[in-house]
Amino acid sequence: MYAKRSGDPAIEQLLEVIMKLQSIEECYDFFEDLTTPKELQALSQRLEVAKMLLNGSTYMEIEAETGASTAIISRVKRILHYGNGSYRLMLGRLEQQQQ
């Protein structure tokens, strides 16, 4: 359970700050200060796994290309099926922006 669901003001503050980032450069700077390189890589890896799953890639293809474990791939796949739909929404917006 997260921010508005749990009422945790610290999580809500973090999400509000993220929404205020105005450029890729600001995002790089903020996340470099906020996370370790490994944490940021893990987040970006999950997004890439979601993208590949949505594009029909197999576990073996995803593992080979991203280095993600089958446990991570399985978790992301479960979220794609039973989560809030945010991976699809954000990847769809990104795709529209790139066209």
**Student:** Out of curiosity, Glu12 CD to Glu16 CD, how far, rounded to the nearest 0.5 Å?
**Tutor:** 5.0 Å
**Student:** Could you tell me whether the side chain of Glu65 reaches within less than 4.5 Å of the side chain of Glu48, counting heavy atoms only?
**Tutor:** yes
**Student:** Under the 4.5 Å side-chain heavy-atom rule for ILVMFWY, direct or indirect, which residues accompany Leu94?
**Tutor:** none
**Student:** Please enumerate all residues that pass side chain to side chain contact (heavy atoms under 4.5 Å, CB included) together with Glu25, with sequence neighbours excluded.
**Tutor:** Ser23, Asp29
**Student:** I need the Glu95 CD to Gln97 CD distance, nearest 0.5 Å.
**Tutor:** 11.5 Å
**Student:** In Å, rounded to the nearest 0.5 Å, how long is the span from NZ of Lys38 to CD of Gln45?
**Tutor:** 10.5 Å
**Student:** Look at the side chain of Glu26 and the backbone N and O of Gln22, then say whether any donor-acceptor pair between them is shorter than 3.5 Å.
**Tutor:** yes
**Student:** List, by chain and then residue number, the residues other than Met90 in its hydrophobic cluster (Ile/Leu/Val/Met/Phe/Trp/Tyr, side-chain heavy atoms under 4.5 Å); write none if there are no others.
**Tutor:** Leu89
**Student:** With sequence neighbours excluded, tell me which residues meet side chain to side chain contact (heavy atoms under 4.5 Å, CB included) with Phe30.
**Tutor:** Leu14, Val17, Ile18, Leu21, Leu34
**Student:** Quick one: pull up CD in Gln41 and OG1 in Thr35 and give me the separation to the nearest 0.5 Å.
**Tutor:** 10.5 Å
**Student:** List the residues meeting side chain to side chain contact (heavy atoms under 4.5 Å, CB included) with Glu32, not counting sequence neighbours, and say none if there are none.
**Tutor:** none
**Student:** Quick one: hydrophobic cluster around Leu80, which other residues, with the 4.5 Å side-chain cut-off, linked directly or via members?
**Tutor:** Leu47, Val49, Met52, Leu53, Leu54, Tyr59, Ile62, Ile72, Ile73, Val76, Ile79, Tyr87, Leu91
**Student:** For Glu61, does the CD atom sit with more than 12 other heavy atoms under 6.0 Å from it, leaving out its own atoms?
**Tutor:** yes
